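Computed from a predicted structure; not experimentally measured. In what follows, chains are A, B, ... by sequence order, proteins preceding strands, each numbered from 1.
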4 protein chains.
Amino acid sequence: MARYDFASDNTAPAAPEAIEAVVAANQGFAAGYGADAVTARAAELVRGLLDADAEVRFVASGTAANAIALAALCQPFEAVLAHRHAHVTTDETGAPGFFGHGLGVMPLDGASGRIDGAALAGALAFEDSAHAQSPAVLSLTNATEYGAVYSTDALGALIAPAKARGLAIHLDGARLFNAAAAGFDVKAIAGLGVDILVIGGAKSGMPPTEALVTFDRGLARRLDARLKQSGQLPSKGRFYAAPFVGMLQDGAALRHAAHANAMARRLAGLTPYPLTHPVEANAVFVEMDEPARLRLLEAGWLAYRFLDGSVRFMCSWATSAEAVDALGAALKAIR
Amino acid sequence: MARYDFASDNTAPAAPEAIEAVVAANQGFAAGYGADAVTARAAELVRGLLDADAEVRFVASGTAANAIALAALCQPFEAVLAHRHAHVTTDETGAPGFFGHGLGVMPLDGASGRIDGAALAGALAFEDSAHAQSPAVLSLTNATEYGAVYSTDALGALIAPAKARGLAIHLDGARLFNAAAAGFDVKAIAGLGVDILVIGGAKSGMPPTEALVTFDRGLARRLDARLKQSGQLPSKGRFYAAPFVGMLQDGAALRHAAHANAMARRLAGLTPYPLTHPVEANAVFVEMDEPARLRLLEAGWLAYRFLDGSVRFMCSWATSAEAVDALGAALKAIR
Amino acid sequence: MARYDFASDNTAPAAPEAIEAVVAANQGFAAGYGADAVTARAAELVRGLLDADAEVRFVASGTAANAIALAALCQPFEAVLAHRHAHVTTDETGAPGFFGHGLGVMPLDGASGRIDGAALAGALAFEDSAHAQSPAVLSLTNATEYGAVYSTDALGALIAPAKARGLAIHLDGARLFNAAAAGFDVKAIAGLGVDILVIGGAKSGMPPTEALVTFDRGLARRLDARLKQSGQLPSKGRFYAAPFVGMLQDGAALRHAAHANAMARRLAGLTPYPLTHPVEANAVFVEMDEPARLRLLEAGWLAYRFLDGSVRFMCSWATSAEAVDALGAALKAIR
Amino acid sequence: MARYDFASDNTAPAAPEAIEAVVAANQGFAAGYGADAVTARAAELVRGLLDADAEVRFVASGTAANAIALAALCQPFEAVLAHRHAHVTTDETGAPGFFGHGLGVMPLDGASGRIDGAALAGALAFEDSAHAQSPAVLSLTNATEYGAVYSTDALGALIAPAKARGLAIHLDGARLFNAAAAGFDVKAIAGLGVDILVIGGAKSGMPPTEALVTFDRGLARRLDARLKQSGQLPSKGRFYAAPFVGMLQDGAALRHAAHANAMARRLAGLTPYPLTHPVEANAVFVEMDEPARLRLLEAGWLAYRFLDGSVRFMCSWATSAEAVDALGAALKAIR
């Protein structure tokens, strides 16, 4: 049995703060469909985290949350601009098109998962046509799939021209806490002009839950009906809200993310395989051929090859320094 | 603050067996997307419960599970036959049409949520037409929305003519354990010809989780891709599987359902308001005018008026005899 | 071989004015996708007919035109209010749900296809809920499926409360010219607050074509892309525009509709079977049992039984007085 | 006013044989929705052309016909393999995803619009994954967007491995007659294993109409309902069938296509701009910079720049040798 420690950041168990909040919330009867006190508290904590007014919902799936956000911002005959290797582009089995009734995804290039400014400018120079899906949304991810982090300014530099061209902005924050721990200012998100943000719970050490944050209240019209129809309005809402309470009320989310980032840096310092991306969040990508990856697997460690050809190691709140050192040793041994 | 004890069966907290299983499953790293040992164990327990071979998946939402099942069985230009007041017909904000790309739902009559045999026969006498959505699926619910229970024979008597006419069969088992506790034989489901079954976790005392059971392996082709695209392939699958382990491994699910049913019967014996439906599972429906319902609310008890005009009280694993007696007294007091 | 003269108003051939305009338009090369001069001329004629500014497109299918209009006005998690027997409700194989990604249709009652004011008021008294598709659009049809005609005031009396409640308005004018010939003022449509109107070409004596008229230019944003994606942006647009030129440039459409209406009145005066609906446009509905209908078929005349149980005879521009008299005689003979 | 002669093959008027057949079909009353004699005759002629048994329908839109075909063959969570510049990939505003509820299109490379065998082999080497849309259909186009023609053997060499891998086959024959005139054997299509074929009418000199040909009768189950829901079951079917009668009954379609191909070769011999693709059907693509294209426009000739950067000139049944020579002279003059 191979170890899944570094296979993904969702192979980790949930952090104690999250699970304890779930157990604590599991007391007595409560109103359904998000009308309970735990959900209200969690929403307040998210607004506090972002220092912004917003509609906040807690849903089961990040794939669904992203797809619902894009469907709310983009007509079927329009397109979403996203990084070529963004999760919405490559890793959700076409969920944006399914929830968005055929909406298009137009892939953009850029190093380490960050969209290149020139690539965006090229895409924004489109001429509206009846024969193609014209861009209506810019979808960004921070931290990126490759563990890079947009600074607040870098993100703003992409958002501004997109908004000037009339596009709406979606921010996939599956690893938002890792970005925050790396210096990205989450309190700037609303001001930058993001319309809908998804904050990942699962990848941050919670049991399955994601926060769907809609800054524009107009966009949130009949949002609960939209969520219900999409299978994302949980009847027992407290189970999706409680982990956010547990992880936000005393800063555990950020603390755990900082630990995960630190473990990634530690691993980056140990690997004999060359890094293929800057290690700014909780991911380490290395250049490693397939026989080497299989030797590593034989040595007991599972790691996936990614779209760009490099091999990925993910750290999480649960990654111990001992595990990192053991993996580092294994990497040296199979080299 | 009104008490939600009887407002629904999903206002209850999760049962200890379910929560303890979640906590127990939250140990160490595990493969994602349902490839973990807890999921395998839970699937095995479901197959054992049903005494049948089947593909079993654990998903977050019953609405989604039902809608995905119907979309797998019904083309957009076809229709689902369902009871006029079935959950898929009236209470899912059109989710079957959303997941099924516009598939139709054709409502059938029948007392207490059970489809009337003659109504079904009438619908099955359709002539295929290009101008209407012809029936392709029969959707049944056991126990019904009105707390009635189909016997195995009664269910079979509806399924047989539908299958003879070429329809597929969907069984919504949001309250399957309540039906089982009332005598319905869940081991007969596969043999009756049900194609896809959804077993409710949330209404049975679990945190959010539902089992999607596909008896025909052909139907399950690329099922995980279907679920992923629909936002119902959880990365941390163990959290949706563990409650089923906790509730099935020693029969807690059935035991709790039997308790809920007993509480409903106890309440039925206490209410001064006339029953509008037979009390066979965990629901009590009474004839009560709106001023009375509001007096009850003022007295501290929330209850919803249902589609047929009667007022509903739901019992669950967490309903205590004391609460039933207190509600009974309140009902008498406001009468 | 039975005669199809009265089976529908689309069993008739196209009127000479329409066909001649097609032949005339078939000269030389022309820009595609509606950028040609014939299309511009036809759009101008439609705006003149309605005495209103509007985006006008010519498409192949009335079913698609209605469904696209509803999809533009209604989110998937919302519903369209329409008469129980309206074409969009019963006769388009669920096209509104297909184009509208699962949007709901909520049927309303009313005599002879006209929505009853009280029924509408009841539907407009809805409380927004996350669990049901709340109304977002009122869809009206003039003339109705049963050959009744809304007066301008009667239509306004339905539109006003719907708009006051925030609903958008769709008008299915598959038989708009028949309504106009019966006194309905088409120049009032824009002022009444209709958002999107579909003017039927096929049922008015044209080869397949329908005019999609969007009064609100904002709604028309990226309309051509929407139409292209939906398969309703014809490359050879002149073929769908030319019939409108031929039928509108000298009033042929109205003239033919007046004739069709007159033929219906003539038939109404001859039938020994009791009328089931007022004969205000080009339809005659009678009470006739099935053996009688089959005797009529045997005598050489095809007529369809409708949803309300009565049998329908449709007149068109091509219906001759002789044919009406012959049908009248046949009806007497089989009586 | 620029001349549109070479802008596209759908800027041409309809050929006399097609229009005359429409006028001839416009006699008397006829059954609707494809149940008329003209439609039956046209379907028979198409089966004769292909020397194969098949369900044949005549619809208004090629975009819709392709999209409906793909939706019939591909689940939303699966993908279509198609050339990177195929019409379904780039020029239908995402119609396949709209009709197919989010199905994916996976672009393949290949010279001149023909899919490269190695590129196909690479795509067919996919491993089924829950996280991506796995291929379910191979979509081919003959003649291609770049005016190249697959030989029967070349097409078979792509179809065979795709079928071996379990994929269904769609053939976009928008310019099938041009391919046939270039030597492609249309009677081989059924035997090669194509599941659904679309034969273009509009680009072949007909008014708007396309033939949707389903070789597998099982796939055609409830096809008319599918078409009706999609807005592609015309009530006045004879108008879409008649052009095929006129163009097939005495071979006009092939004759006209041969003429169009010959005109393209003539133009290819005259252009001073280098050809970018082999001239095998009715298209001529040349390398021409933007100032030159604008000079040509100023000289009175419209031509579009294509996805590969070259400029396209299309010939049709209506292209005269004089027009070709005049364009040739103009090209020399602006050089």
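- Proximity to chain A is limited to the backbone of D:E92, based on heavy atoms less than 4.5 angstrom apart.
- Ranked by non-hydrogen atom pairs under 4.5 Å with chain A, the options D:A132, D:G100, D:G97 are led by D:A132.
- Of the listed residues D:G102, D:G104, D:P96, the one with more heavy-atom pairs under 4.5 angstrom with chain A than any other is D:G102.
- Relative ring orientation between A:H101 and D:H101 is described as perpendicular, the plane-to-plane angle rising above 60° on a 0-90° scale split at 30° and 60°.
- Heavy atoms of A:S129 lying under 4.5 Å from chain D are absent altogether.
- Only the backbone of D:T90 comes within less than 4.5 Å of a heavy atom of chain A; no side-chain atom from C-beta onward does.
- Contact annotation for D:A130: only backbone heavy atoms (N, CA, C, O) come within less than 4.5 Å of a heavy atom of chain A.
- Few gaps surround CD on A:E290; more than 12 heavy atoms of other groups in view lie less than 6.0 Å from it.
- Heavy-atom proximity under 4.5 angstrom to chain D picks out A:P76, A:F77 from residues 60-88 of chain A.
- Of all heavy-atom pairs between D:Q133 and A:T93, the closest is CG-O, 3.4 Å.
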